[in-house]
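Worksheet: the structure to be examined is printed underneath.
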Amino acid sequence: MICYLFEAPTYFLFAPDLPPLLYYSHVPAAIISLLVGLFVFMNQPKRLANKLLFIITICFSLWVLISLISWTNINASFIAFLWPFFGVLKTLLVILCVYFIYAFINKGKDVGWKIKTIFILLLAPVLIFASTNLSLTGFDLVNCDAFLYEGLYFKYYYTAVSYIAIIWIFALLIKSYRTADQGFKKQILLMGTGMELFLLLFVTIVFIVTYLTNVSLLSDSRLEMYGLFGQLVFMVTISVLIVRFKAFNVGLIASQALLVGLVVLIASQFTFVESVFGIILTSITLVITGIVGILLLRSVKKEIKQREELQVVTQKLAMANEKLKVLDKLKSEFVSIASHQLRSPLTAIRGYASLIMDGSFGKIPKKAEEPLERISESAKNMAFSIEDYLNVSRIESGNMKYNLTELNLKEETEKICDDLRPEAVKKGLTLLFRSDMKSKGIIKTDLGKVIQIVQNLINNSIKYTPKGSIKVLVRDDIKRKRIYVDIIDTGIGMNSKTLDTIFGKFERAENANVANIHGTGLGLFVAHKMAVAMGGDIKAQSEGDDKGSIFTIEFPLSM
Ligand code: ADP
């Protein structure tokens with residue numbers, strides 16, 4: 001084709017004597033990538049990766065447009081004007097690809113100013129080259145082409161930047177692949193293959209063809225067109241990422257529309273492709289896209305079905321949960337009523353047993369003493385159990401009331417120790433009280449509940465210690481404004497499994513029954529809940545079974 005120097009262009013995008021491969025390689029690649037880019041962008045315009053993908057596809061399509069114009073147009077000055085844009089667009093495109101990969105692996109997080117500066121520094125020389133005559137040194141008027149006259153330094157520079165970008169992307173993907181979870185690893189692999197193939201084909205083929213033509217080993221620079229097929233590979237991987245992995249937060253129905261759109265677009269080429277070669281190429285592309293599309297749609301459908309099934313199960317579960325809540329409330333109410341009913345007769349039993357034992361109804365025979373004591377002991381245990389049940393039902397129904405007053409925890413603990421010492425001594429244990437205080441030890445809590453908590457823990461130590469001692473230590477930490485009560489025993493201890501669970505409802509250790517059969521597994525649950533509700537906490541430590549235990553109650557100091 002001979003150039004016309006001063007006339008207006010005769011052909012703009014379509015010329016009669018051009019090979020069908022030209023349109024086949026250019027038109028679908030540009031339209032499909034623009035379509036995918038626009039589609040991803042429209043679905044989530046705010047996401048950085050989506051935005052960048054769209055800009056990449058615009059750059060690519062502009063490159064393709066210039067390429068088409070330079071093939072078909074025969075106005076020399078116009079082509080010479082357009083030529084430097086090849087280099088500019090290519091550099092911009094590869095840098096945007098690096099930026100895009102950053103956004104992709106960082107799940108949308110933007111890069112810092114340092115990396116952005118590097119991007120700009122890499123791009124700036126290309127812009128400077130392009131605006132001077134270093135980018136184009138002459139023009140081939142016979143072939144209407146500037147292919148051989150592109151400035152060497154310009155070409156080497158932007159090709160070097162392209163390879164730097166390809167290696168950069170590779171390094172980024174490898175780095176994030178190492179730490180990614182299984183699902184994201186697959187996405188990285190797919191994205192990496194698609195993008196690297198695209199860039200390698202796009203950069204390398206054009207460069208090699210240019211070089212070979214330069215050294216006159218190749219007379220037909222048409223081969224360059226194959227470089228564009230890489231973009232289709234990239235777009236297919238992007239589509240798979242969209243549909244299969246929802247990488248761009250695009251909805252399912254929209255993804256299906258995208259697939260159908262792609263197939264229709266490729267099929268529509270039949271309307272203008274005339275040569276046999278073109279028809280064969282289009283058919284092959286259509287078949288490949290069709291198969292990939294069907295496979296994807298199938299997997300998506302399967303997923304939808306699974307999701308629907310999951311939804312049904314979730315609904316059923318929610319209903320069951322509601323029912324359970326109602327039942328739980330009923331149970332709490334029942335426990336509360338039943339416990340109240342049990343409490344009054346029990347008070348009578350305990351009262352009369354104690355009166356009989358005191359001799360208020362006359363002297364009791366020696367033989368009756370032990371049974372009477374048993375009655376009294378059992379009634380007391382039962383009263384404690386009932387109190388536990390009532391407390392649990394109060395906590396669970398949110399009816400536990402806390403009446404906060406200032407009290408001296410050190411003094412209260414000492415009193416409790418004095419009260420419980422006879423019981424310990426009866427079991428052959430020593431119960432020691434010590435304190436190490438810098439403050440007065442005042443806390444603002446509910447007196448009754450605090451007594452219950454401390455009593456419960458010391459009682460537990462007595463129950464679960466067959467021999468040895470129980471030490472109770474009250475200490476404070478002025479800096480952290482907290483007061484602690486340590487209850488240290490030499491009893492049956494707890495293994496790590498027990499330690500993990502003892503504050504749960506009805507939790508008792510396997511070795512608990514040996515030491516004490518009268519247990520509900522509710523005492524610690526109630527004590528812990530109450531301590532936490534008053535701003536405190538209870539912690540348990542033990543080095544293992546038979547190695548003793550340390551329970552620590554803590555509360556915030558009020559002065
Ligand atoms: P209960 O004593 O009624 O079983 P708790 O809630 O008070 O219920 O205690 C729960 C479990 O924690 C006990 O069954 C026992 O296994 C363990 N436990 C509590 N205190 C101690 C302790 N001082 N030494 C060893 N185990 C203990």
**Q.** Set of ring pair (Phe, Tyr, Trp, His ring centres under 6.0 Å) partners for F525, sequence neighbours left out
**A.** none
Q | Any residue meeting ring pair (Phe, Tyr, Trp, His ring centres under 6.0 Å) with F551, in chain and number order, not counting sequence neighbours | A | none
**Q.** Spatial distance of atom CE (M191) from atom CD (Q187) [nearest 0.5 Å]
**A.** 8.0 Å
Q: Taking all heavy atoms of N50 and all of V40, pick out the closest pair and write down the distance.
A: ND2-O, 3.2 Å
Q: Any pair with a residue in residues 63-74 that passes salt bridge (charged side-chain N to carboxylate O under 4.0 Å, His left out), sequence neighbours left out, goes on the list, sorted by first then second residue, please.
A: none
Q) Is the F104 to F184 ring centre distance short of 6.0 Å? A) yes
(Q) If we ignore hydrogens and angles and just use 3.5 Å, is the side chain of D476 paired with the main-chain N or O of I478 as donor and acceptor? (A) no
Q. Is any side-chain heavy atom of L173 closer than 4.5 Å to a side-chain heavy atom of I101?
A. yes
Q | Contact list for residues 528-537, test salt bridge (charged side-chain N to carboxylate O under 4.0 Å, His left out), sequence neighbours left out | A | D537-K539
Q) Which pairs, with at least one residue in residues 118-129 and sequence neighbours excluded, count as a side chain to side chain donor-acceptor pair (under 3.5 Å)? A) none
List the atom pairs, with distances to 0.1 Å, where a side-chain N or O of residues 111-125 and a protein N or O form a donor-acceptor pair under 3.5 Å, not counting sequence neighbours.
| residue | atom | partner | partner atom | Å |
| --- | --- | --- | --- | --- |
| K116 | NZ | D110 | OD2 | 3.1 |
| T117 | OG1 | W113 | O | 2.5 |

Q. So, Y402 and T445: side-chain donor and acceptor under 3.5 Å apart, yes or no?
A. no
Q.
Tell me the closest heavy-atom pair linking M530 and I395, and the distance in Å.
A. CG-CD1, 4.5 Å
Q: Using ring pair (Phe, Tyr, Trp, His ring centres under 6.0 Å) as the criterion, list what pairs up with F85, not counting sequence neighbours.
A: F81
(Q) Strictly distance-based, threshold 3.5 Å: is any side-chain N or O of S162 a donor or acceptor partner for the main-chain N or O of Y158? (A) yes
Q | Given F100, F41, F60, the one that forms ring-ring contact (aromatic ring centres under 6.0 Å, His included) with F54 | A | F41
**Q.** Atom pair CG (L38) and OG (S33), whose distance is rounded to the nearest 0.5 Å
**A.** 11.0 Å
Q: Name all residues meeting the ring pair (Phe, Tyr, Trp, His ring centres under 6.0 Å) criterion together with Y177; count only those two or more places apart in sequence or in a different chain, and write none if there are none.
A: none
Q) Excluding sequence neighbours, so at least two apart, what forms side-chain contact (heavy atoms from CB on, under 4.5 Å) with K323? A) none
Q: Just grab all the salt bridge (charged side-chain N to carboxylate O under 4.0 Å, His left out) pairs involving residues 161-183, residues at least two apart or on different chains.
A: none
Q. Looking at CD1 of I56 and CD1 of I95, how far apart are the two atoms once the value is rounded to the nearest 0.5 Å?
A. 11.5 Å
Q. Mind checking what makes side-chain contact (heavy atoms from CB on, under 4.5 Å) contact with I55, not counting sequence neighbours?
A. L96
Q. With T552, which residues qualify under side chain to side chain donor-acceptor pair (under 3.5 Å), at least two apart?
A. D486
